[in-house]
Amino acid sequence: MLDPREIRENSSFIEKGLGRRGLKVDLTSLRNHSKRLKELENQRTKLQAEGNSIGKEVGVKIRTGCEPSSDEVMLLKNKGNQIKTEVSLIEEEERTLAKSIKDQILHYPNIPYSDCPDGKGEIDNIQIRTWGTPLKGEGYKEHWQIAEELCLLDTERSVRIAKSRFVTLLNHGAKLERSLINFMLDVHTAKGYTEILPPVLVNTASLEGSGQLPKFAEESFRCSEDNLWLTPTAEVPLTSLHRNEIIPFESLPIKYVAYTPCFRREAGSYGKDTRGLIRLHQFNKVELYWFVDPANSKEAYKQITADAESILQYLELPYRVMELCTGDLGFSASSTHDLEVWLPGANSYREISSCSICDDFQARRSSIRTRKGKKTQLVHTLNASGLAIGRTMAAILENGQQSDGSVKIPEALVPYFGQAFIKAEQS
RNA sequence: GGAGAGGUGGCUGAGUGGUUGAAAGCGGCUCCCUGCUAAGGAGUUACAGGAGGCAACUCUUGUCGAGGGUUCGAAUCCCUCCCUCUCCGCCA
């Protein structure tokens, strides 16, 4: 959430920032409403102070022997009633005003960093580095073809179970998925991350707190009977793990790693990536999440990105790092580095991790603070996929494919997977 | 699903209409003592908003699950909602 005070006092900065995302926003009326709200608050506070002192006066008079029905007391009571009426009128105006202000602010995304490249969309993202040597050439199969040949998944029967865009992993496919989850969790916990296994049904406040609501309701699955949602990413429960908390300063940074299934409705993506493991309603992900002292967040951003990259390096998967332009930035992020893995079958790079710094945007929405000296201060939050499991499997299948139809498993994963190759006859 | 209990400060737990933002204890912090010593003493210890002082700070409003209501005045009375716990039933 943007800072309401900043909107009152520095609205042109906010307008420019949102403008860089391609949003034409005029904050004049919001700013005026916000100022008006402050005025009303001040007025009400003064009246309440007056009312309180009258109340005390009445109490003192009655205790010192005044008749409750004496003129003296009645006069004060009337005054009190009068104030009460005035206060309730002000409160009513405040309520409507505050609600409309909050509704608007919650719809505004985070302000991009000044060094975030300007741009309209994906094509304006900037490649900042690459790792590994991409396999290029004719004859590489796409992962879904390999998976079908090796009987690692069943798409058609998944429609029977659920609907399209769901997948059932079979045999070595299921085991590969599981071994990837374990491998990633082990790598990250060895680096000092605390492992978390959170609920994947989350309430509305949690989604609002991390920025998925109110704007992206159509992207999440909802259990309307219970007013809960299926989490679209572990970022949501992990943010809410400390919602409405003041985290002791010495506990920072807090570094969590969580494996969760993730659920997305993928509204509007009909026809895209219809085969295989790339775009599903349900997929597995290992997520990294940091709560940090704002003074250290830039450094943390580098580190969390490096931690996500390390998985790709262990798995010997070539990738590039893209800096997202302002037009492609997610709602809560100030800056994002996407990791894109090379898929030789698809002959393209494909997003496999998104590493974002959100500054105090989520912390303000979720009220997560720390105490520095006497003052409380919002923390900064960061998140990174470390990694999306299904896409990692796709990358392993495509990069490890052999001319005999088998797939070579990256060495680092062999202890988890139990064998160095997946071969057709085994499946 | 049935029956009941309850939501108060970092924690335990008092508090049924008037200096109660809240007793007491624990914990935390600061200082003192150092022959009651695997101790003792004194003080302090919520959050948010606003006004004023460069500042330590002062004043003020709101908050005792949330929202309404009654009242000059509510943690305390009334209503609605949410949540938690216990027992029974069912169940991975």
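Per chain, numbering begins at 1; letters A, B, ... match sequence-line order. Just so it is clear, the structure is predicted and the values come from calculations on it, not from any experiment.
B:rG17 sits 15 Å from B:rC64 when the C1' atoms are compared, rounded to a whole Å. When the C1' atom is compared between B:rA74 and B:rA22, the two are found 13 Å apart, to the nearest whole Å. Using atom P as the reference point in both B:rG9 and B:rG65, the two lie 8 Å apart (nearest Å). Spacing between B:rG27 and B:rU34 at atom P, rounded to whole Å, works out to 24 Å. Of the C1' atoms belonging to B:rC72 and B:rC11, the separation is 37 Å, rounded to the nearest Å. For the C1' atom pair drawn from B:rG10 and B:rG69, the interatomic distance equals 34 Å after rounding to whole Å. Going from the C1' atom of B:rU8 to that of B:rA14 covers 10 Å, rounded to whole Å. Comparing the same atom, C1', in B:rA75 and in B:rA66 gives a spacing of 15 Å after rounding to whole Å.
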Just the atom pairs and distances: protein N or O near nucleotides 63-71 of chain B's N or O, under 3.5 Å.
unit_1 : atom_1 : unit_2  : atom_2 : d
B:rG68 : OP1    : A:Arg95 : NH1    : 2.9

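The nearest heavy atom of RNA chain B to A:Glu50 and to A:Ile62 marks one nucleotide each, and the one closer to the 5' end goes with A:Ile62. Toward the 5' end of RNA chain B, the nearer of the two residues A:Gln48 and A:Val58, judged by each one's closest nucleotide, is A:Gln48.
Residue-level contact check: A:Asn78 touches neither bases nor backbone, having no heavy atom under 4.0 Å from any strand. The residue A:Ile83 sits apart from the nucleic acid: no heavy atom pair falls under 4.0 Å.
In a base pair of the Watson-Crick type (N1 to N3 plus N6-O4 or O6-N4) or a G-U wobble (N1-O2 and O6-N3), with each distance short of 3.5 Å, B:rG67 is matched with B:rC79. Look at B:rU30: its Watson-Crick or wobble partner, with both distances under 3.5 angstrom, is B:rA42. Judged by Watson-Crick or G-U wobble contacts below 3.5 Å, the nucleotide B:rG52 has B:rC57 as its partner. Partner assigned to B:rG17 is none, using Watson-Crick or G-U wobble distances below 3.5 angstrom. For B:rG25, the paired nucleotide is B:rC11, the pair qualifying as Watson-Crick or G-U wobble because both relevant distances are below 3.5 Å. In this structure B:rA74 sits in no base pair that meets the Watson-Crick or G-U test at under 3.5 Å. In this structure, B:rG4 forms a base pair with B:rC85, meeting either the Watson-Crick or the G-U wobble geometry with both donor-acceptor distances under 3.5 Å.
The side-chain contact (heavy atoms from CB on, under 4.5 Å) check on A:Arg5 picks up A:Asp3, A:Arg8, A:Glu9, with sequence neighbours excluded. Remark: A:Ser385 pairs with no residue by the side chain to side chain donor-acceptor pair (under 3.5 Å) rule, at least two apart or across chains.
Considering only heavy atoms from C-beta on, A:Arg63 comes within 4.5 Å of A:Val60 through its side chain.
If you check the side chains of A:Thr239 and A:Ser210, you find no donor sitting under 3.5 Å from an acceptor.
When rounded to the nearest whole Å, the span between CZ of A:Arg44 and C1' of B:rU60 equals 12 Å. For the pair A:Gln43 CD and B:rU61 P, the computed distance is 17 Å after rounding to whole Å. For A:Met74 and B:rC72, the CE to C1' distance is 9 Å, given to the nearest whole Å. Regarding A:Ile54, its CD1 atom lies at a distance of 17 Å from the C1' atom of B:rU19, rounded to whole Å. Atom P of nucleotide B:rU60 and atom CG of A:Leu47 are separated by 16 Å, given to the nearest angstrom. Whole-Å rounding puts the A:Lys56 NZ to B:rU60 P distance at 8 Å.
Listed by first then second residue, pairs satisfying salt bridge (Lys or Arg N to Asp or Glu O under 4.0 Å) with a partner in residues 103-121 of chain A read A:Arg20-A:Asp118, A:Lys99-A:Asp103, not counting sequence neighbours. Every pair tested for salt bridge (Lys or Arg N to Asp or Glu O under 4.0 Å) that includes a residue from residues 210-221 of chain A fails, sequence neighbours excluded, so the list is empty. Residues in residues 167-190 of chain A take part in no salt bridge (Lys or Arg N to Asp or Glu O under 4.0 Å) pair, two or more places apart or across chains. Residue pairs meeting the salt bridge (Lys or Arg N to Asp or Glu O under 4.0 Å) criterion with at least one member in residues 221-241 of chain A, sequence neighbours excluded, do not occur.
Regarding contacts with the backbone of B:rG62, a side-chain N or O of A:Asn52 is found under 4.0 angstrom from either OP1 or OP2.
Ring pair A:His337/A:Tyr301 is parallel by interplanar angle, where below 30° counts as parallel and above 60° as perpendicular.
At a threshold of 4.0 Å, the pair A:Glu72-A:Lys61 counts as salt-bridged, since one of the basic side-chain nitrogens sits closer than that to a carboxylate oxygen.
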Can I get a per-line list of side-chain donor-acceptor pairs under 3.5 Å for residues 190-197 of chain A, giving both atom names and the distance, sequence neighbours left out?
unit_1   : atom_1 : unit_2   : atom_2 : d
A:Lys191 : NZ     : A:Ser310 : OG     : 2.7
A:Tyr193 : OH     : A:Trp290 : NE1    : 2.8
A:Tyr193 : OH     : A:Asp307 : OD2    : 2.6

**Asked** What is the per-nucleotide protein-contact pattern of nucleotides 45-53 of chain B, from the 5' end, where B denotes a base atom under 4.0 Å from a protein heavy atom, S denotes such proximity for sugar-phosphate atoms only, and - denotes neither?
**Response** --SSBS---
